[in-house]
There are 2 protein chains.
Amino acid sequence: MSRNVSASTVRRLSHYLRILEQFERAGSVTLSSEDLAEAADTTAAQVRKDLSQFGSFGKRGFGYPVPGLKRHVQQILGLEHAWRIVLVGAGRIGAALFEYANFRRRGFSIVAVLDADPEKIGTQWGDVTIEPVDTLADVIAREQAEMLILSVPNEAAQPVADQAITAGIHGILNFAPVQLRVPDGVFVQDVNMVMELEALSFDLSRSASKRP
Amino acid sequence: MSRNVSASTVRRLSHYLRILEQFERAGSVTLSSEDLAEAADTTAAQVRKDLSQFGSFGKRGFGYPVPGLKRHVQQILGLEHAWRIVLVGAGRIGAALFEYANFRRRGFSIVAVLDADPEKIGTQWGDVTIEPVDTLADVIAREQAEMLILSVPNEAAQPVADQAITAGIHGILNFAPVQLRVPDGVFVQDVNMVMELEALSFDLSRSASKRP
DNA sequence: AGGTGTGAACACTTTCACAGCA
DNA sequence: TGCTGTGAAAGTGTTCACACCT
């Protein structure tokens, strides 16, 4: 049970969890590292290495119990309780994220929405009302929020992040294509769709030049 | 000028490009690997290693010319021409992506939008009209599209991808949380926001248990 | 002098191969 | 017998340190 877990391992655990749920729905009671590997597009050795960092969940000769392993992975990822999230930026992307059913379904609840545009303040979105961004600290305290989703214009990203961190937020999902500066103990995940398209552009350009 | 370029290098190149544009706007003529590294939150050695894989763009003692390096990075990433993209799935996420100004601004044009819902067919979005998903092959041919953005329900992701690949698509930006199976020469970038939140959940859980 | 380009050292990740347990 | 758990080997990516050029 090691100290440092790599980002790739965490990504794969998340992937394993989705696959375990599929196997569970399909009625499987047990599965092997080989089964998991095939579904996750990796190798059996990789699956076993990943899991063995956190404990010994399988039985030699048998494989892993589906419901038991699922619970363990959830516990490893910290998914035993629902996370309370504040969303800042009620633009097009913010709206799509708010409606995104997979979040709530998987234990991520958006409990408040804030925006800088006075026109939007007071608008009702489902069961939340859009509040002014300058009440961020109060809202975080009131809702006991632990994470922040940032879908604001680039210039606003760092100042809003700073306020949220001061108010006690430790995790940020950042959609602004800027490099946020945060203190130790605060975690940022960037979602940068232009970067993804540029990676595709790179791959396509190279493969096109290799094959006439 | 090497054969295999790592995914991390490509991500960083994309990041460097954004920083070069900032320096250009600020009027800088030249910058050092140190400058780039600081802005990109990496090391000067990393920057030089990344760039040197593709050529020798700097002058010893001077640094790199901002406009020249920018052009080189664009060329490396295959960004000299605008990419033509078909978007399938006109739901909430599809709408947000269609409106996302950074795509067009950076040379990624969404030239057609398709959906399975008969209610949506014929709806005008900006300068495109939503077309039925079963005309995908025709639309790809007509528009000479090279990439696909997939924002469809999970069950539809693989079948739509298959049709697009048959019609000549080689790059897919996939928002469905499923593992797409694609042949060699086809590239997929996954955007999985639940996975990002689960990574934050993992980090927060561990850091919380380490500090009372 | 000053900063690039790069081989060599180091660190980290993945794969291999097999001992050991159900 | 069958499949896990894991050291050891191989492979990749990052950092160091310095020769070299402007």
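Values reported hereafter were calculated over all heavy atoms of this structure, with side chains retained and with hydrogens, waters and symmetry mates removed. Residue numbers begin at 1 in each chain, while the letters A, B, ... track the order of the sequences.
A/Phe175 meets the ring-ring contact (aromatic ring centres under 6.0 Å, His included) test with no other residue; sequence neighbours excluded. Remark: B/Phe23 pairs with no residue by the ring-ring contact (aromatic ring centres under 6.0 Å, His included) rule, at least two apart or across chains. Partners of B/Phe57 under the ring-ring contact (aromatic ring centres under 6.0 Å, His included) rule, at least two apart in sequence or in another chain, are B/His72.
Across the protein-nucleic acid pair, B/Asp41 atom CG and D/dT14 atom C1' stand 15 Å apart, rounded to whole Å. Here the P atom of nucleotide C/dA22 and the NZ atom of A/Lys59 are 9 Å apart, to the nearest Å. In this entry the distance linking CG of A/Leu51 with P of D/dC3 reads 16 Å, nearest Å. In this structure, CG of B/Leu13 is placed 14 Å from P of D/dG13, rounded to the nearest angstrom. When the P atom of C/dT14 is taken as reference, atom CG of A/Asn4 falls 14 Å away, rounded to whole Å. The nearest whole Å value for the distance from the CG atom in A/Asp50 to the P atom in D/dT6 is 14 Å. Atom CG in B/Leu36 sits roughly 12 Å away from atom P in C/dG5 (whole-Å rounding). Between B/Gln53 atom CD and D/dT14 atom P the separation is 9 Å, expressed in whole Å.
Shown for residues 60-70 of chain B: residues whose heavy atoms fall under 4.0 angstrom of DNA chain C, namely B/Arg60, B/Gly61, B/Phe62, B/Gly63, B/Tyr64. Near DNA chain C, defined here as any heavy-atom distance below 4.0 Å, the residues from residues 27-35 of chain B are B/Ser32, B/Ser33, listed numerically.
Here the CG-NE2 distance, from A/Leu148 to A/His170, works out to 12.5 Å after rounding to the nearest 0.5 Å.
Note on B/Ser56: a side-chain N or O is less than 4.0 Å away from OP1 or OP2 of C/dG5. Residue A/Gln46 has no polar side-chain atom (N or O) positioned under 4.0 Å from OP1 or OP2 of C/dT13.
In this structure, A/Leu150 and A/Leu180 have side chains that are in contact, with non-hydrogen atoms separated by less than 4.5 Å. Side-chain contact between A/Tyr64 and A/Thr30 is absent, with no heavy atoms from C-beta onward closer than 4.5 Å. Inter-residue side-chain proximity for A/Arg12 and A/Thr9 is flagged as met; some heavy-atom pair is nearer than 4.5 Å. Counting heavy atoms from C-beta on, the side chains of B/Leu173 and B/Val191 come closer than 4.5 Å. Put simply, the side chain of A/Met147 does not reach to within 4.5 Å of the side chain of A/Ile172, judged on heavy atoms.
Note: B/Phe54 and A/Phe202 have perpendicular aromatic rings, judged against thresholds of 30 and 60 degrees for the angle between ring planes. Ring orientation note: the planes of A/Phe103 and A/Phe108 are nearly perpendicular, at an angle over 60° on the 30°/60° scale.
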Sort me out a list of protein N/O and nucleotides 16-18 of chain C N/O pairs below 3.5 Å, or just none if empty.
| residue | atom | partner | partner atom | Å |
| --- | --- | --- | --- | --- |
| C/dA17 | N6 | A/Arg48 | NH2 | 3.4 |

